2 protein chains.
Amino acid sequence: MFKKILVSEDIDSISFGLVSILQKNYPSEIRTTKYCDDALLKIKAALHEGKPYDLLITDLSFKDDYRDVKLSSGEELIEAAKSEQPGLKIIVYSIDDKPYRIKNLFDKHKINAFVAKGRDSSTEIIEAMDIVHDTDTIYTSPQLSHIARDMAILEIDEDDIILLKYLSDGRTQPEISELLKNAGKASSSTSSIEKRINKLKIYFKANNAIHLISTVKDMGII
Amino acid sequence: MFKKILVSEDIDSISFGLVSILQKNYPSEIRTTKYCDDALLKIKAALHEGKPYDLLITDLSFKDDYRDVKLSSGEELIEAAKSEQPGLKIIVYSIDDKPYRIKNLFDKHKINAFVAKGRDSSTEIIEAMDIVHDTDTIYTSPQLSHIARDMAILEIDEDDIILLKYLSDGRTQPEISELLKNAGKASSSTSSIEKRINKLKIYFKANNAIHLISTVKDMGII
DNA sequence: CATTAGTTTACGGAAACCCGTAAGGCTATC
DNA sequence: GATAGCCTTACGGGTTTCCGTAAACTAATG
């Protein structure tokens, strides 16, 4: 059983509800933070005291407000936390159920579970905690199981993402070519860019570039 | 003070947290639902019994799942609820802080308050409830006050929205022209469509159509 | 009815995008 | 080092979009 849990979630009602759910099920020590920076500080401090957290439950998106923050997203917090305390188990609790982001979380950030905010998230959180604690198996909410399938065929890379972002920023293809050349990227000719866009249009079944950007934005890829 | 409150929110942890906050402050009768359809049924039933709800607190977006639903969004629930019980006070509690949607909620759906899910939403909910109960003033979360300003200059109409949706669906301008003609819309020539797109590009400071669609999607207009 | 103002449509050239084909370059293998 | 396969780049012509200008239409006014 987890002894010391940190909850990182900015929306007060969610944080409140989440803590209630946890307390109802486990006699753990639970701390909450509303900012990623604070979460990292707490993790560091606990590590220093020799009483480290053994589980981090975090959201992905945090609202901007008046405060200047170093870590502005769950991804950044996870990366920072892992480099401080590599063994820390991490459960992401988020509304964002876009295949690409979830895939990234498991592949790059080595999170242990992804629980989607939803009608049954309280039971899923508990399930996830049990599995993550006892085994090295990863956990995802049942309704996201289809994503495992999507993930397999999701073969778009960093460069694709960059290109899509340039397009969505209103750059023309010659402009993008220049930008990529200056960034020292390979295959930066207008021709290659055309080809890449074409590949993406086929992949996402888009009629034209506008449709493509619309689609990838809906999917949360950019 | 509100005597009978209905909370319509699909994510269990939020619903749980919200109810705790309400109970801590008011001795009201509180019911919760995870589906808009159920919320409407509860409102109808209470009305029939002669013990109607006097406040509805609802989210805007609800997750799809296995259940077939008639009302799939908060907007639809609000419209249905208002037609059943015009006097019902409504507070929207949502993460979606896009000017256009909020403007619509106040203008078309005559909601009484909009509280943004955030770090201080528990106090804001209480504030909103006090104001909405005692007066006919509308309430919005303080951090959204800038939206009142944005709202004033937000002069895009239904036809603009339709056009933007067609564009984001990958239609060409001649195709859109045909579609609008068939729908019996005025100013449906390719020329007029060009002109309208151009107006929108200027308005949203977009370099090209891709950029335009990207921008309006970010703003939650479509 | 003539004039004016505002809106819608038409048109044409320039720019950007789309799409197929082909040439050039790199690597691996025999 | 010749060959084949793969990736990148180049090029050309067709389509779509972009943008300015002008014509046609509508409605209101004197």
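Predicted model, so just to flag it, every value in this text is computed and none were measured. A note on names: the letters A, B, ... follow the listed sequences, proteins ahead of strands, and every chain is numbered from 1.
Atom CG in A:D159 sits roughly 14 Å away from atom P in D:dC7 (whole-Å rounding). With rounding to whole Å, A:N198 atom CG is found 14 Å from C:dT21 atom C1'. One atom, NE2 of A:H211, and another, P of D:dT17, lie 14 Å apart when rounded to the nearest Å. Separating the CD1 atom of A:I193 from the C1' atom of C:dC19 is a distance of 16 Å, rounded to the nearest angstrom. A straight line from CZ of B:R196 to P of C:dT9 spans 10 Å, rounded to a whole angstrom. One interatomic measurement links the two molecules: CG of A:L200 to C1' of C:dC18, which rounds to 15 Å at whole-angstrom precision. Remark: C1' of D:dC11 and NZ of A:K195 are 13 Å apart, rounded to the nearest angstrom. Atom CG of B:L212 is separated from atom P of D:dC19 by 12 Å (rounded to the nearest Å).
Between the side chains of A:K117 and B:S13, no donor N or O sits under 3.5 Å from an acceptor N or O. Between the side chains of A:S72 and A:E76, at least one donor-acceptor pair of N or O atoms lies under 3.5 Å.
Looking at every heavy atom in both residues, A:H211 comes nearest to B:S168 through CD2-O, 3.3 Å. Here the closest non-hydrogen pair linking B:N208 and A:G170 is ND2-O, 3.1 Å.
Among the protein residues, A:S187 comes within range of the sugar-phosphate backbone only, with heavy atoms under 4.0 Å from sugar or phosphate atoms but none that close to a base. Among the heavy atoms of the strands, none lies under 4.0 Å from A:S177. In this structure, A:S188 reaches the sugar-phosphate backbone alone: every heavy-atom distance under 4.0 Å involves primed, P, OP1 or OP2 atoms, never a base.
B:D65 and B:K34 are not joined by a salt bridge, as no carboxylate oxygen comes within less than 4.0 angstrom of a charged side-chain nitrogen.
Under the 6.0 Å distance and 45° angle rule, B:R101 does not count as a cation-pi partner of B:F114.
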Quick one: which protein N/O atoms are closer than 3.5 Å to N/O atoms of nucleotides 12-17 of chain C? Pair and distance per line, please.
{"residue": "C:dC17", "atom": "OP2", "partner": "A:Q173", "partner atom": "N", "Å": "3.1"}

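One finds the OG atom of A:S192 at 11.0 Å from the NZ atom of A:K199 (value rounded to the nearest 0.5 Å).
Distance from the side chain of B:I197 is smallest for D:dC18 among the nucleotides D:dC18, D:dC11, C:dT9.
Residue B:S191 places no side-chain N or O under 4.0 Å from the OP1 or OP2 atom of C:dT8.
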